[in-house]
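A short worksheet on the structure shown next.
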Amino acid sequence: ETSILRDHAREITELCPTNFGIVELGCGNSAKTRLLIDACLACQASLVFYGIDIAPECLQKGALRLLQEYSQLSVVGLVGDFEDGLGYLAGRPDGPRLVLFLGSTVGNFDEQQLADFLTMLRKNLRPIDRLLLGVRRLRAERHEHQGDDESRGRSEHAPHHRYLLIEGRSCRPTRGRRSPAPWPWP
């Protein structure tokens, strides 16, 4: 995941409206987010970072660390679940936001949880906002070794990370196809 963000952070930020803020869902230590903060601050003079997490201690530690590292950054910590945090932000007249849900956590959702999560996002994101969603997919890889009958033809699943930048009701993979594809909202 980190290598994808390192390689594509500038491209991702260029696909966002100008003067946007960053919202991270489940911010933790914001290690991967720093790559996007760096790319963003290369293009705009300042940035507002909103961290949404249920752990106030985590938010406070992360905010202090970010403020020490970036003089052009303002940090707002929102303690609560994702719906509470995004609901609060939806009612504010701030500029566009890039909402980050990194770490492939969405892969842990069952179908109903995923539908509920996407519905919540749709309800709380504005047309000017963007969502960067980390997903992990499984790709079958064939392993064939000469002389090894047991492993010949065996298929193993290996995770491959991918990010989707969702714009309104369309999404762009950050790797692969560049044209928008329909996003299946529930």
Side-chain angles (χ1 to χ4, degrees), residues 1-2 4-5 9 12-13 15-17 19-37 39-40 47-70 73-138 159 161-174 183-186:
E1 283 184 316
T2 302
I4 292 172
L5 287 174
I12 291 166
T13 59
L15 291 170
C16 294
N19 296 315
F20 65 92
I22 292 179
V23 179
E24 186 172 13
L25 304 179
C27 54
N29 67 7
S30 301
K32 295 173 195 162
T33 305
R34 284 174 171 77
L35 298 167
L36 292 164
I37 291 171
C40 181
L47 175 67
V48 179
F49 173 81
Y50 301 90
I52 300 175
D53 206 301
I54 58 171
E57 304 82 22
C58 183
L59 277 172
Q60 184 177 16
K61 278 178 60 177
L64 291 174
R65 208 173 356 212
L66 287 172
L67 288 170
Q68 288 172 348
E69 293 176 29
Y70 298 98
L73 192 66
S74 298
V75 178
V76 177
L78 300 170
V79 178
D81 64 25
F82 302 150
E83 187 165 14
D84 292 338
L86 288 174
Y88 170 79
L89 291 175
R92 299 183 51 87
D94 302 337
R97 298 180 194 103
L98 172 61
V99 177
L100 309 175
F101 193 51
L102 308 176
S104 304
T105 306
V106 74
N108 297 328
F109 293 166
D110 63 29
E111 284 185 39
Q112 186 58 53
Q113 290 170 322
L114 180 59
D116 292 346
F117 179 70
L118 293 174
T119 299
M120 181 274 301
L121 289 172
R122 183 177 189 196
K123 178 179 124 186
N124 290 298
L125 297 183
R126 304 161 303 165
I128 61 171
D129 295 333
R130 302 293 182 261
L131 170 69
L132 185 64
L133 179 66
V135 294
R136 183 172 51 168
R137 62 188 172 100
L138 295 178
H161 293 91
R162 184 180 190 102
Y163 285 94
L164 299 176
L165 180 65
I166 300 172
E167 305 176 59
R169 292 183 180 233
S170 65
C171 66
R172 288 179 202 242
T174 59
W183 182 254
W185 291 105

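- Within the model, atoms CG of L133 and CG of L100 stand 10.5 Å from one another, a figure rounded to the nearest 0.5 Å.
- Without hydrogens or angle criteria, R97 side chain to L89 main chain gives a donor-acceptor distance under 3.5 Å.
- L47 is not listed as a side-chain neighbour of Y70, based on a closest heavy-atom distance of 4.5 Å or more.
- Formation of a donor-acceptor pair under 3.5 Å by the E69 side chain with backbone atoms of L66 is not found in this model.
- Residues A90 and R126 approach most closely at O-CD, 4.5 Å, considering heavy atoms.
- Residues I128 and G95 share a closest heavy-atom pair of CD1-C, 4.0 Å.
- Atom-to-atom distance recorded for I12:CD1 and L132:CG is 4.5 Å, nearest 0.5 angstrom.
- Within 6.0 Å of the CG atom in L64, the count of heavy atoms belonging to other residues, nucleotides or ligands exceeds 12.
- Residues forming a salt bridge (charged side-chain N to carboxylate O under 4.0 Å, His left out) with R65 (at least two apart in sequence, or on another chain): none.
- Counting heavy atoms from C-beta on, the side chains of T13 and F20 come closer than 4.5 Å.
- Other residues, nucleotides and ligands place no more than 12 heavy atoms under 6.0 Å from the OH atom of Y88.
- Aromatic rings from F101 and F117 are positioned such that their centres are separated by under 6.0 Å.
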Identify each donor-acceptor pair in which a side-chain atom of residues 77-86 lies under 3.5 Å from a protein atom, sequence neighbours left out, and give them as a table.
{"unit_1": "D81", "atom_1": "OD1", "unit_2": "E83", "atom_2": "N", "d": "3.2"}
{"unit_1": "D81", "atom_1": "OD1", "unit_2": "D84", "atom_2": "N", "d": "2.7"}
{"unit_1": "E83", "atom_1": "OE2", "unit_2": "K123", "atom_2": "NZ", "d": "3.1"}

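- In this structure, CG on L35 lies 13.0 Å from SG on C40, to the nearest 0.5 angstrom.
- Going from atom CD1 of I4 over to atom NZ of K32 covers 9.5 Å, rounded to the nearest 0.5 Å.
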**Message:** Please determine whether side-chain contact (heavy atoms from CB on, under 4.5 Å) holds for the pair D129 and N124, giving the CA-CA distance in whole Å, both sets of side-chain angles, and the decisive distance to 0.1 Å.
**Reply:** CA-CA 10 Å; D129 295 333; N124 290 298; over 6 Å; no
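- Within the 3.5 Å criterion, the main-chain N or O of C27 finds a donor-acceptor partner in the side chain of D53.
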